[in-house]
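The block underneath contains the structure these notes are about, expressed in structure tokens.
Residue numbers start from 1 in every chain, and the chains themselves are labelled A, B, ... in the order their sequence lines are given, proteins ahead of strands. Computed from a prediction, not measured in an experiment: that's the story for all the values here.
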Amino acid sequence: MSLANQLVDLIAALMLLTSFAMLAQRRLTALVDLLALQGVLLTAATLVAAWVTGHAHLYLSALLSLVLKVVVLPTLLRRLVRRLDLQWDREALVNTPTTMLVGIVLVIVAFNLALPISALSGSILRGALGIALASVLLAFLMMITRRKAVSQVIGFLAMENGLFFAATSVTYGMPMIVELGIALDVLVAAFVFGIFFFRIRETFDSLDTRHLETHPAGEGEDV
Amino acid sequence: MSFVSFSPLPCVLGIAVYWIALGILGLTQRADRDAGRILYAAGAAGGLLLAVTAAWALGDAPTTVQLPLGLPGLPFHLRLDSLAAFFLVLLGLAVTGISLFSTGYFTSGSTTNDRVTCLHYHFFLAAMVFVLLADDAYMFMVAWESMALVSYFLVTSDHRFAEIRSAGFLYLVVAHVGAMAILLCFGVLHGPDGGYTFEAMRSADRTPFWATTAFLLALVGFGAKAGFLPLHAWLPEAHPAAPSPVSALMSGVMLKTAIYGLLRIGFDLLPIQYASWGVIALALGLVTMLYGVLFAAVQTDMKRLLAYSSIENIGLVLAAIGLAIVFRAHAMPALAALALCAALFHCLNHALFKSLLFLATGAVMHATSQRSLGRLGGLIHPMPWVAGAALVGTLAIAGLPPLNGFVSEWLLLQAFLLSPELPDPYLRMIVPVATAALVLAAAVAAYVMVKFYGVVFLGQPREPSLRYAHDADAWQRAGLLFLVAGCVLAGLFPVKVLHGIDHVATGLLGRGMGDAVGGHWLHVTPVSAERASYSPLLVLAGILGVVSAVFLYVRVRYHMRTRRAPAWDCGFPAQTSRMQDTAEGFGQPIKQIFEPFFRIEREMPSPFDGAPRYRARTEDKLWYALYLPLVRLVERIAGWVSRLQHGRIQWYLVYSFATLLALLVLIRCQ
């Protein structure tokens, strides 16, 4: 087993670990830190892929990940959390042990699902696909179990990280133009969400999505 | 046959484009009233030109053209054959009368938005032309749906009123159910390599099962537009809601496009017919006819009455088509041609006299703003022109000679009377019952028309304001007179009309009526001169002779020795308008005899009530038995579905999550 393979496996394992950590983490600031950590792992994975294949554009991609996912987005989110005065907020989780158990089941499912695709893939990073899929599903699960809009956005960004990791691990990254497009989309999404948070809070004095739950048919209740 | 090089198809297309241009002009006009009205008159000229052009094309070989419009690789195909030409003649004639009338009718402020109404009106005309010209399923559906949408907007042109909006919605729903059935029908009919041109459909091989499926789908789809029985509910709602010229167009022409579609699919695209289809169509037609006429008899709103009468006439046409299919399936082409000619002739007649009657009700409503029969009466004095035109219309629709309604009903009756020649013994047993039903419906239809005319125009005015009702203006008179002339001429010279119709029958069945129209121009002899023949001019001469003889006799015998004396008042010191027979009273016998057909709610006053009021509502049983349960079912399903929609973001995420997992597992399992 080559050094590159071992490195990628290590990074993949750390990815999975951060995904579980995010699932269990209650503090919003800590969640943002974990997201930044995922960004670092992603950058490392891309660097390894670039080193193995020697594709120059993968270095660029790694730089993009570093700037966007380690610096820009976490900074944005941290400022958002500070401006919305949410540093000390603790998310009321839906029964952490159960969530973790469901997460483990999801990982097994994800590995099972990835099996045939990994077998087809000729890349050095084949074992990582299952983990990438698992982190997508775990991020999704996190979005489902959270109430606060900010943590859902973090979940969304974590999902995107998982997808990106899948792309790097299976196909050595996407074409540059696609990566640029996705990066831009994520950035714009972060801005839009930021604006949204302020609007939600202005309207409801809270970021809890329970306040959005009035029925569309509106039984006597105004939104 | 043409001695000048003249191709009708581009001309017909040109008229459709001309109408579209008129509609757009109407939208851009100022609120200046006369400029807008001229557009309708210009549209009428287009109608006349269309009728003449299409009549020219009757009997010519089909011509086709491809428009460079539509989707890439899927151009619009148009085709003008005898069948389309006949319905274009019908469209042109009816539109000429209706547009002339509209020139006087759509004065500013008569609808919510006159400019938009003008646009929809002319687009409606153009859409109907394209329905008749379409030669592929794609073009047909585009034109058909445009027609449905534009007519929906026309029905709801007075959308200030809630009941008009709900009537329009009902129409839209039924129209879309029908359009879906037609779409499925075309899906079944597609050509050998998936081609959707009518040319490809004609040449496709089909098993009897799929051919029957296609026919039944067409029956449902076009039935929704034409008003065959369980799908008729929109007619009595939409017609009173629409402005009268629109009702005239919809009833007179749009219902015929549905008949056209049925003929196009039933006879043209499906080359082989089975007797069972004919029996289904015949039975459905007869039931529709009886149902329509019985409900027409108990209506108290004149436009609802005419709407139910349209259902009756469409039922009659469907019965004739069913009979034609039965004859054709048993290889009796001459009789099939006879029944088909009767159906087509009746389509033309109905377009003429039903448009005439709807326009007459429009003139009455315009003058009196009353629609209820209980508030009209005696209008023959203030409105002699309208009353005279409506008299011709009612006589024609009641099927009295020498007008046009008689000819088609008589031809159909001849076809029915000849059906004992059918080889199938069961059919031979059914047909006498069917004939009896036909005669019953025709008789009740005459009764209905006596009621309509008598209550609206004869007797004493039931409201004092009616004495000051104004007659139709010159444009409206012109429109009415054009249609009156159509009814009279088609009645007096039926052989000429049958000449044209015969081309259609020849095109569809491969054989026309032959001798019936080839003989003397004076007599219609459907089978042989020994068996039956009808000469409207002789009948007219007879009627005129008898009337003038009686007139002279009375004049000479009685008026010579008239005594002038104070009138004996028969014991009535004062006669008021409330003493005359009402619409409810006139319909009462029918209501009594056919009580099981109706759902009647009566409110009886108590015997001690000082000011007793009697109220009765007659409603459609099918509405309660079929439509309301369907509505409840849809609402319940919608309720279940809307439980998914509760606004909880976490649950929406769970939905996507579950979908994602399910799809992934699905991929894994393959």
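Here the side chains of A/Leu106 and B/Leu661 are in contact, with some heavy-atom distance below 4.5 Å.
In the displayed structure, B/Phe76 atom CZ is contacted under 6.0 Å by more than 12 heavy atoms of other residues, nucleotides or ligands. When the shell of 6.0 Å around CZ of B/Phe169 is examined, it contains 12 or fewer heavy atoms from other residues, nucleotides or ligands.
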Between A/Leu137 and B/Leu660, is the side chain to side chain contact (heavy atoms under 4.5 Å, CB included) condition met? List the steps. CA-CA 9 Å; A/Leu137 294 181; B/Leu660 179 69; 3.9 Å; yes
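Across A/Phe140 and B/Leu653, no two heavy atoms sit closer than the pair CE2-O, 3.4 Å.
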